[in-house]
Amino acid sequence: MKQKQTVREILKQDREILDLEVCGWVRTRRDSKGFSFVEINDGSCLQNLQLVIDHTRLDKNQLKKITLGSSIKAVGDLVLSIGSKQKWELQCKKVYLLGEADPEKYPLQKKRHSDEFLRKIAHLRVRTNKYSAINRIRSKAAFFIHKFFQERDFHYIHTPIITSSDCEGAGELFQLIKRGEKETKFFSKNAYLTVSGQLAAEALCMGLGRVYTFGPTFRAEDSNTPRHAAEFWMVEPEMAFFDLNDNIDLAEEFIKFVTKNVLETCREDIELFRRFVDKELIGRLEKVVKDPFVRIEYSEAIEILKSAHKKENFEFEPIWGDDIHTEHEKYLCEKQFKGPVVVYNYPRTLKPFYMRVNDDNNTVAAMDILLPKVGEVVGGSQREERLNVLIENMQKKNMDIEEYEWYIDLRRYGSVVHSGFGLGFDRFVMFLCAVSNIRDAIPFPRTPGTLSY
RNA sequence: UCCCCGGUAGCUCAAGCGGCAGAGCGGGUGACUGUUAAUCACCAUGUUGGCGGUUCAAGUCCGCCCCGGGGAGCCA
């Protein structure tokens with residue numbers, strides 16, 4: 001009886017098997033007199049399966065059409081390969097051409113392409129080693145994110161994609177309007193795509209205890225950088241009874257857990273990036289897993305940056321009360337500490353209304369986690385649980401308190417200390433793969449001026 | 001949104017001072033008894049991103065626009 005298996009399953013066999021059936025896309029073909037070597041890939045793993053096709057097994061016309069990019073089904077015996085580059089190969093008894101790919105028009109070649117070119121054919125680029133590897137790692141990372149939280153009594157919640165408020169003033173909003181209408185009448189008020197599920201997550205954690213969201217978020221910022229997309233995925237845990245320290249502990253453990261498991265389960269794919277993209281990738285990931293994250297207060301960070309200012313000649317002078325700029329983040333992460341850095345207790349004026357005011361009345365219990373190469377991947381805080389302080393904050397920021405009555409209710413009824421953070425999933429994938437542009441970490445990226453597919 | 005760099009064959013790139021638009025790879029055809037970035041021989045590749053201008057002559061100089069990349073701001 002024939003068994004249909006993926007290439008990954010086939011390659012991990014420890015014995016020869018008769019009559020296997022396998023399907024895939026042709027990656028390369030080499031001809032000899034009387035037979036051909038054809039390597040196929042089915043996306044199950046990085047490696048290809050070498051097929052040996054005797055020319056008498058297939059009519060000439062079909063044989064001709066087995067070209068790079070075409071899809072085929074093969075039936076044959078799995079045998080140990082004589083060649084040294086692979087353990088197994090399939091001696092084909094039957095080969096069926098499923099879909100041809102005109103070699104004069106098929107845009108992918110066997111050779112390496114530039115990322116810029118591949119972005120223009122995003123619908124085909126998953127057929128390359130690099131992009132299939134990124135997407136496999138993306139998938140595993142998402143899986144381990146769920147595993148991490150599920151194993152710790154977190155509940156996976158779904159917060160709304162359509163929202164009525166801008167949450168935290170975290171950037172420009174996409175407004176939602178019914179086609180044919182000039183303004184939002186559907187909801188009888190303005191509607192937007194969410195920039196964060198946090199406020200809803202806070203409500204749900206006040207009953208479910210520990211929750212997390214993992215879904216798309218949207219920012220209409222006209223920012224064209226390799227680290228920004230208009231649509232991106234965020235992981236947002238929110239925990240009742242967690243203070244800032246518990247929050248940082250969880251975030252660190254979380255990043256370590258996912259990184260460690262991706263390293264272990266995607267070794268081959270990670271190895272590809274180490275070889276062709278960044279020689280230091282694996283060392284960097286292992287360091288993240290092993291070493292404790294450096295934790296410094298914002299004020300300390302400013303002091304460190306101030307004393308480095310002369311030597312480094314920063315474009316922006318580090319001043320208490322100002323944001324930590326990109327060049328500063330890079331300095332802290334890549335020069336000073338050479339690893340992940342957690343910066344906490346930021347000036348109150350820099351942060352949104354919901355962050356808990358510290359006893360000094362000057363700072364809030366906020367924290368950011370900076371990773372080497374990608375910068376900020378986590379932003380979080382302990383939330384303000386005191387009713388009067390929260391309202392005071394909102395008044396200071398001139399917010400429409402009526403709109404947030406439901407959120408304020410959480411402080412009226414059984415309010416507790418609670419915390420949470422957001423992790424930019426796509427940036428995290430960039431970190432795991434040493435990919436330098438977010439457009440390559442997302443299968444079909446949305447950025448200002450570009451909406452293909 | 002601001003600053004810088006770029007756009008030439010399917011891909012990656014080359015073409016002093018403005019003077020016949022080229023190479024490698026890929027593709028096609030053929031050869032080769034086990035290849036693996038296969039090898040060897042031969043063949044074809046073009047609105048030089050678009051529009052306008054200067055000039056006897058523009059890939060090259062000028063203006064505007066479009067697209068891509070890098071950096072900054074904002075952030076995740």
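For the numbers below, each heavy atom of this structure counts, side chains included, while hydrogens, waters and symmetry mates do not. Every chain is numbered from 1 and lettered A, B, ... according to where its sequence line falls, protein lines coming before strand lines.
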task: Look at R295(A) together with D249(A) and state whether they make a salt bridge at an N to O cut-off of under 4.0 Å.
output: yes

query: Can you tell me if E100(A) uses its side chain to pair, donor with acceptor, with the backbone of I66(A) under 3.5 Å?
result: no

- prompt: In terms of side-chain heavy atoms of M234(A), which of G26(B), U29(B), A76(B) is nearest?
  reply: A76(B)

field: Validation row: S196(A), M234(A) side chains within 4.5 angstrom (heavy atoms)
entry: yes

- request: For G424(A) and for T28(A), find the nucleotide of RNA chain B with the closest heavy atom, then tell me which residue's nucleotide is more 5'.
  value: T28(A)

- request: Report the distance from atom NZ of K111(A) to atom P of C13(B), rounded to the nearest whole Å.
  value: 15 Å

query: How does RNA chain B look in dot-bracket notation if pairs are Watson-Crick or G-U with both distances under 3.5 Å, crossing ones as [ ], other-strand ones as |?
result: (((((((..((((.....[..)))).(((((.......))))).....(((((..]....))))))))))))....

message: What's the gap between G49(B) and U60(B) when it is taken at their C1' atoms, as a whole Å value?
response: 16 Å

message: Restricting to non-hydrogen atoms, name the atom on Q50(A) and the atom on S81(A) that form the minimum distance, rounded to 0.1 Å.
response: NE2-OG, 4.2 Å

message: Test your reading of the model: is there a side-chain donor-acceptor pair from Q150(A) to the backbone of K147(A), 3.5 Å cut-off?
response: no

query: Distance between the C1' atoms of U45(B) and G24(B), in whole angstroms?
result: 14 Å

field: Geometric cation-pi criterion K73(A) and Y96(A), 6.0 Å radius, 45° cone
entry: yes

- prompt: Nearest nucleotide by nearest heavy atom, which residue falls closer to the 5' end of RNA chain B, A229(A) or L108(A)?
  reply: L108(A)

query: Under 4.0 angstrom, heavy atoms only, what part of the nucleic acid is Q50(A) near: base, sugar-phosphate, or nothing?
result: base

- prompt: Of the residues in residues 439-453 of chain A, which ones touch RNA chain B at a heavy-atom distance under 4.0 Å?
  reply: R439(A), T450(A)

query: Under 4.0 Å: is that the gap between some side-chain N or O of H228(A) and OP1 or OP2 of C74(B)?
result: no

Anti versus syn assignment for G49(B), with syn defined as within 90° of 0: anti

task: Could you work out the separation of C3(B) and G73(B) based on their C1' atoms and round it to a whole Å?
output: 11 Å

field: Quiz item: E89(A) side-chain donor-acceptor pair to G34(B) base, under 3.5 Å
entry: yes

field: Phosphate OP1/OP2 of U36(B) contacted by K85(A) side-chain N/O (<4.0 Å)
entry: no

D115(A) with K130(A): basic N within carboxylate O range, under 4.0 Å: yes

task: For the side chain of N437(A), starting at C-beta, report the closest nucleotide among C11(B), G70(B), G34(B).
output: G70(B)

field: Interatomic distance where CZ belongs to R227(A) and P belongs to G69(B) [whole Å]
entry: 14 Å

- request: Ignoring hydrogens and angles, tell me if any N or O in the side chain of S32(A) forms a donor-acceptor pair with the backbone of F35(A) under 3.5 Å.
  value: no

- prompt: What is the nucleic acid contact for T225(A), judged by heavy atoms within less than 4.0 Å: base, sugar-phosphate only, or nothing?
  reply: base

statement: Separation of G28(B) atom C1' from K105(A) atom NZ, nearest Å, is 14 Å

task: Drop me the distance from L98(A)'s CG to W25(A)'s CH2, to the nearest 0.5 angstrom.
output: 9.5 Å

message: Say we look at A9(B) and A14(B): how far apart would their C1' atoms be, to the nearest angstrom?
response: 13 Å

- prompt: Which value, in whole Å, describes the distance between the P atoms of nucleotides G69(B) and U55(B)?
  reply: 38 Å

For atom CZ of R29(A) and atom C1' of G28(B), their distance in whole Å: 13 Å

- prompt: Between G68(B), U1(B), C25(B), which nucleotide has the shortest distance from any of its atoms to the side chain of R119(A)?
  reply: G68(B)

message: Please check: side-chain N/O of E231(A) versus main-chain N/O of P216(A), any donor-acceptor pairing under 3.5 Å?
response: no

message: In whole Å, measure the gap between the C1' atoms of U47(B) and U33(B) for me.
response: 48 Å

query: With a non-hydrogen cut-off below 4.0 angstrom, is G34(A) in contact with a base, only sugar-phosphate, or nothing?
result: nothing

message: Please classify the nucleic acid contact of R112(A) as base, sugar-phosphate, or nothing, using heavy-atom distances under 4.0 Å.
response: nothing

message: Mind checking if F232(A) touches a base, just sugar-phosphate, or nothing, with heavy atoms under 4.0 Å?
response: base

message: Using the side-chain heavy atoms of F35(A), tell me which of these nucleotides is nearest: A72(B), C74(B), G34(B).
response: G34(B)

- prompt: Stacking between F425(A) and the base of A76(B) (centre distance under 5.5 Å, interplanar angle under 30°)?
  reply: no

query: Tell me: CD1 of I369(A) to P of C75(B), nearest whole Å?
result: 18 Å

query: P226(A) has a side chain; which of A76(B), C32(B), G71(B) sits nearest to it?
result: G71(B)

message: Without decimals, in angstroms, what is the distance between D31(A) CG and U36(B) C1'?
response: 13 Å

message: Base, sugar-phosphate or nothing for Q91(A)? Non-hydrogen atoms, less than 4.0 Å.
response: base

- request: Quick one: label D323(A) by what it contacts on the DNA or RNA (base, sugar-phosphate, nothing), any heavy atom closer than 4.0 Å.
  value: sugar-phosphate

- request: With P as the reference atom in both, quote the distance from A31(B) to G46(B) in angstrom, rounded to an integer.
  value: 28 Å

message: On the side chain of Q109(A), is there an atom forming a donor-acceptor pair with the base of G10(B) - under 3.5 Å, no angle test?
response: yes

query: Is there a side-chain polar atom (N or O) of T326(A) under 4.0 Å from OP1 or OP2 of G73(B)?
result: yes

query: Less than 3.5 Å between a donor and an acceptor, one on the side chain of Q86(A) and one on the base of G34(B), is that the case here?
result: no

Distance below 4.0 Å between S223(A) side-chain N/O and G73(B) OP1 or OP2: no

- request: Spell out yes or no: do the side chain of K110(A) and the base of A37(B) have one donor N/O and one acceptor N/O closer than 3.5 Å?
  value: no

message: Tell me if the NZ atom of K64(A) is crowded by more than 12 foreign heavy atoms within 6.0 Å.
response: no

field: Backbone of E202(A) reached by a side-chain donor or acceptor of R383(A) within 3.5 Å
entry: no

- prompt: Do any side-chain nitrogens or oxygens of K87(A) fall under 4.0 Å of OP1 or OP2 in U36(B)?
  reply: no

- request: Determine the contact category for S36(A): base if any of its heavy atoms lies under 4.0 Å from a base atom, sugar-phosphate if only primed atoms, P, OP1 or OP2 are that close, otherwise nothing.
  value: nothing

- request: State whether the distance check finds a donor on one side and an acceptor on the other, under 3.5 Å, for side chain R427(A) versus base C75(B).
  value: yes

message: Using a 6.0 Å distance limit plus a 45 degree cone around the ring axis, check whether R152(A) lies over the aromatic ring of F257(A).
response: yes

- prompt: When we call it a touch if two heavy atoms are under 4.0 Å apart, what does F316(A) touch: a base, just sugar-phosphate, or nothing?
  reply: sugar-phosphate

- request: Could you give the distance separating G16(B) and C11(B) at their C1' atoms, to the nearest angstrom?
  value: 28 Å

message: Please determine whether a side-chain nitrogen or oxygen atom of S114(A) lies at a distance below 4.0 Å from atom OP1 or OP2 of U12(B).
response: yes

- prompt: Given A38(B), is OP1 or OP2 found less than 4.0 Å from the side-chain N or O atoms of R30(A)?
  reply: yes

message: As a test of understanding, state which of L46(A), D42(A), L90(A) forms a side chain to side chain contact (heavy atoms under 4.5 Å, CB included) with V7(A).
response: D42(A)

query: Can you check the D115(A) CG to G6(B) P distance for me, whole Å?
result: 21 Å

